[in-house]
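Taking it in order: structure first as structure tokens, then the write-up.
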Amino acid sequence: MEDLKTPEEEKPVRSLNFIEEIIEEDIRNGLNESRVHTRFPPEPNGYLHIGHAKSICLNFGLGKRYNGKTNLRFDDTNPVKEDVEYVDSIMEDVKWLGFDWEDRLYYASDYFEQLYQYAVTLIRKEKAYVCDMSAEEMSETRGTPTRSGKESPYRSRSAEENIDLFARMRAGEFPDGSKVLRARIDMASPNMHMRDPVLYRILHAYHHRTGNQWCIYPMYDFAHGQSDSIERITHSICTLEFEVHRPLYDWFIREIGIYAPRQIEFARLNMTYTVMSKRKLLELVREGNVSGWDDPRMPTICGLRRRGFTPESIRNFAETIGVAKRDNIIDVSLLEFCIREDLNRRASRLMAVMNPVKVVIDNYPDDLVEEMEAVNNPEDESKGKRAMPFSKTLLIEREDFMEDPPNKFFRLAPGREVRLKAAYIIKCESVVKDLKTGEIEEIHCTYDPQTKSGMPESNRKVKGTLHWVSEKHAVKAEVRLYDRLFTKENPDDLAEGETYKDYLNSDSLKVITAMIEPAILNERELIPGVSDKFQFERIGYFSLDKDTSPGNLVFNRVVPLKDSWAKTEKVK
RNA sequence: UGUCCGAUGGUGUAACUGGCAACACAAAUGAUUCUGGAUCAUUAGAGUCUAGGUUCGACCCCUAGUCGGACAACCA
């Protein structure tokens with residue numbers, strides 16, 4: 001083997017993000033024996049979206065990068081909002097994204113007994129008390145960010161009485177809402193979260209894992225940090241809104257006297273032309289603005305999956321957007337770039353006509369059918385070639401013909417020549433129109449037999465190349481053309497009295513019938529989610545939808561191809 | 001009239017931790033092309049929120065402002 005000429009080529013190494021910098025510093029300092037252990041802690045009360053994907057990639061990515069571990073933990077402390085349906089979908093989505101929690105699947109509900117004991121510890125230390133105030137009274141006495149709150153009259157109950165009351169809360173002696181357990185901290189704290197926050201509430205509700213075992217449930221704030229502690233998480237990565245909660249988590253950890261994870265907050269993902277809150281996504285589903293959580297227009301992971309996005313493209317997106325603390329709104333075009341980049345090198349090409357118009361080759365034999373050879377993927381020769389039937393009557397895209405075209409129009413027009421991709425050069429001789437509507441019904445052309453693709457004479461230059469299908473061989477398919485869900489770049493940026501729903505894009509879904517070359521039927525793996533993605537040449541990337549049934553193909557448009565012609569047209 | 005966080009091209013993230021701002025997307029131009037895709041070249045666009053200060057030197061440190069965000073659920 002030859003010596004390497006240059007000692008160490010300067011590789012274009014990505015610089016560390018601020019979280020990696022903190023972690024590497026901790027490793028250098030030997031914190032937690034230089035161990036790295038993260039977790040992804042969703043609440044099973046909705047489907048995951050692209051913002052969660054960012055967090056998943058971050059947490060699992062950190063685990064992998066530093067030879068550590070990453071847990072999946074469901075923060076299931078509110079039985080009335082949570083459901084196994086969500087648990088299942090979340091696991092499916094994380095797996096689909098390509099991450100593995102191995103044997104570390106946990107639930108905050110696994111820790112309910114431990115959490116109860118922690119609460120008892122606080123009570124013994126007189127750091128927590130049972131409070132009989134109603135929710136309204138509590139909110140009235142909490143004060144405002146600029147005005148301190150009032151102490152509860154129940155604040156000075158003895159430890160004994162509190163322990164007894166808390167036990168009776170657990171035993172089910174009291175109705176919902178009649179009592180809560182609160183921390184005794186500081187009603188005058190400038191941090192609202194430190195004003196004697198609620199630790200436990202009474203909820204006679206069935207829990208998807210613990211059933212009817214409990215009728216008191218810990219609040220998220222009382223469960224989250226301790227759960228991380230129990231799992232010996234080294235770095236608790238979460239979003240910015242929990243920054244203000246950190247002093248409270250630290251207080252719990254300190255007062256209970258348990259292992260302290262380090263919490264680091266980052267800015268959540270926002271994307272143009274969509275909304276990202278679970279509440280709003282749920283609303284869109286419930287109100288029927290979309291067909292469900294996995295509607296291909298939704299920014300949910302299952303929506304993106306159904307739309308035809310690949311896990312690779314989403315992981316690459318997450319890597320590209322980076323992570324920082326400032327508020328951000330990422331341009332969807334970056335997501336689109338990521339999926340185009342991936343599908344460009346992987347998706348097989350096929351010809352499909354979205355809006356067909358008939359082309360008759362007058363000088364082509366009536367009954368002849370030729371097999372044309374078409375390349376499956378010009379980016380990947382190993383994908384080979386396929387046969388395409390060519391006959392006298394073809395279908396091309398209506399937009400590929402103009403009777404009176406501008407100079408820059410490189411497509412078919414009276415007297416002009418174009419190449420039919422993988423076939424012949426044809427010339428437009430005449431046009432047949434509907435007498436009443438003026439709509440073009442047939443374009444009559446002649447072909448040049450010397451110009452068949454691959455023939456020595458075929459290299460004549462023509463300005464345009466069109467995709468086509470043979471009319472009698474083409475296969476019909478339902479094609480769903482998706483556009484952005486909202487017409488406003490930031491649907492959350494609203495004027496008085498507006499709602500994000502005012503900006504729903506009424507044209508976000510168009511359903512058409514397209515004509516696809518028959519090779520589509522030869523695809524052995526026409527199974528949604530497997531090898532089901534194609535580039536329809538000159539149109540875009542498409543993915544087979546699960547609504548497909550034996551005689552009825554259904555495709556989703558993942559993303560259109562970039563179209564610089566459409567762009568120049570638009571400028572005019 | 002509080003606490004916490006943030007501020008770098010249109011968008012997002014960098015800048016060897018103090019040495020005269022880079023990368024990706026988006027945009028534009030040209031080449032090339034049997035996809036007006038892809039590819040390849042090239043260009044434009046910020047002088048780093050403002051004002052002071054420290055320093056030989058500041059995006060980076062200090063001070064004071066400005067603007068933006070988060071926090072007042074028995075939600076997470």
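Reminder, nothing fancy here: chain letters follow the sequence lines and each chain counts from 1.
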Seminar exercise, completed: By the Watson-Crick or G-U definition, both distances under 3.5 Å, G45(B) is matched with none
For this session: Kindly point out which of U35(B), G36(B), U3(B) is positioned nearest to the side chain of Glu537(A)?
Result: U35(B)
Problem set entry | A72(B): pairing nucleotide in any strand, Watson-Crick or G-U under 3.5 angstrom | none
Exercise. Toward the 5' end of RNA chain B, which comes first, Phe409(A) or Phe18(A), by nearest nucleotide?
Worked result: Phe18(A)
Seminar exercise, completed: Answer for the Watson-Crick or wobble partner of U54(B), both distances under 3.5 Å, is none
Problem set entry | OP1 or OP2 of G36(B) under 4.0 Å from side-chain N/O of Arg538(A) | yes
For this session: Name the nucleic acid region contacted by Glu43(A), choosing base, sugar-phosphate or nothing; use a 4.0 angstrom heavy-atom cut-off, strictly under.
Result: sugar-phosphate
Problem set entry | Asp331(A), nearest nucleotide to its side chain (from C71(B), U17(B), G10(B)) | G10(B)
Exercise. Are Ser15(A) and U13(B) close enough that a side-chain N or O sits under 4.0 Å from OP1 or OP2?
Worked result: no
Exercise. Does Arg201(A) put a side-chain nitrogen or oxygen below 4.0 Å from OP1 or OP2 of A76(B)?
Worked result: yes
For this session: Have a look at His467(A) and tell me which of Glu517(A), Arg349(A), Glu397(A) forms a side-chain hydrogen bond (donor to acceptor under 3.5 Å, both in side chains) with it.
Result: Glu397(A)
Exercise. Would one find a side-chain N or O of Thr144(A) under 4.0 angstrom from OP1 or OP2 of G2(B)?
Worked result: no
Exercise. Watson-Crick or G-U wobble partner for U66(B), using a 3.5 Å limit on both distances?
Worked result: A7(B)
Exercise. Residues in side chain to side chain donor-acceptor pair (under 3.5 Å) with Tyr500(A), at least two apart?
Worked result: Glu283(A)
Exercise. With a 4.0 Å cut-off on heavy atoms, is His224(A) in touch with a base, just the backbone sugar-phosphate, or nothing at all?
Worked result: nothing
For this session: Compare the minimum distances between each of G12(B), U35(B), C74(B) and the side chain of Asn328(A), then state the nucleotide with the smallest one.
Result: G12(B)
Exercise. For the side chain of Lys421(A), counting heavy atoms from C-beta on, which of C34(B), A76(B), G37(B) is nearest?
Worked result: C34(B)
Problem set entry | Sugar-phosphate only, base, or nothing, as touched by Arg411(A) at under 4.0 Å among non-hydrogen atoms | base
Exercise. Centres of the His207(A) and Phe112(A) rings: under 6.0 Å?
Worked result: yes
Problem set entry | Base orientation of G47(B), syn vs anti, 90° cut from 0 | syn
Problem set entry | Nucleic acid contacts - residues 168-176 of chain A versus RNA chain B, non-hydrogen atoms under 4.0 Å | none
Exercise. Does Arg326(A) have a side-chain nitrogen or oxygen under 4.0 Å from the phosphate oxygens OP1 or OP2 of U13(B)?
Worked result: yes
For this session: Select base, sugar-phosphate, or nothing to describe what Met133(A) touches, counting heavy atoms under 4.0 Å on all strands.
Result: base
For this session: Answer with base, sugar-phosphate or nothing: what part of the nucleic acid does Pro42(A) contact at a heavy-atom distance below 4.0 Å?
Result: nothing
Exercise. Of the nucleotides C75(B), C25(B), G37(B), which has the atom closest to the Leu561(A) side chain?
Worked result: G37(B)
Exercise. For Lys427(A), does the NZ atom have more than 12 heavy-atom neighbours from other residues, nucleotides or ligands under 6.0 Å away?
Worked result: no
Exercise. Yes or no on side-chain hydrogen bond (donor to acceptor under 3.5 Å, both in side chains) for Tyr541(A) and Gln535(A), after CA distance, side-chain angles and deciding distance?
Worked result: CA-CA 4 Å; Tyr541(A) 295 99; Gln535(A) 184 198 101; 3.2 Å; yes
Problem set entry | Atom CZ of Arg398(A) with >12 non-hydrogen neighbours under 6.0 angstrom | yes
Exercise. At under 4.0 Å, does any side-chain N or O of Arg14(A) touch on OP1 or OP2 of A15(B)?
Worked result: no
Problem set entry | N/O (side chain, Lys567(A)) to phosphate O (OP1/OP2, A28(B)) under 4.0 Å | yes
Problem set entry | Ring-ring centroid check Phe222(A) Tyr118(A), cutoff 6.0 Å | no
Problem set entry | Whole angstrom value for the distance that separates C1' of C5(B) from CE of Met192(A) | 18 Å
Problem set entry | Candidates A73(B), G12(B), A70(B) - which lies nearest the side chain of Ser139(A) | A73(B)
For this session: Identify the nucleotide, in any strand shown, that forms a Watson-Crick or G-U wobble pair with C23(B), with both distances under 3.5 Å; if there is none, say none.
Result: G12(B)
Exercise. Which way is the base of U66(B) turned, syn or anti, if we draw the line at 90° from 0?
Worked result: anti
Produce the list of close N/O pairs, under 3.5 Å, pairing protein atoms with atoms of nucleotides 38-44 of chain B; give distances to one decimal.
from: A38(B); atom 1: O2'; to: Asn344(A); atom 2: ND2; distance (Å): 3.3
from: A38(B); atom 1: O2'; to: Glu379(A); atom 2: OE1; distance (Å): 3.4
from: A38(B); atom 1: O2'; to: Glu379(A); atom 2: OE2; distance (Å): 3.3

For this session: Give none if C40(B) has no partner; otherwise give the nucleotide forming a Watson-Crick or G-U wobble pair with it, both distances under 3.5 Å.
Result: G30(B)
For this session: For residues Tyr273(A) and Phe486(A), establish whether the separation of their ring centroids is below 6.0 Å.
Result: no
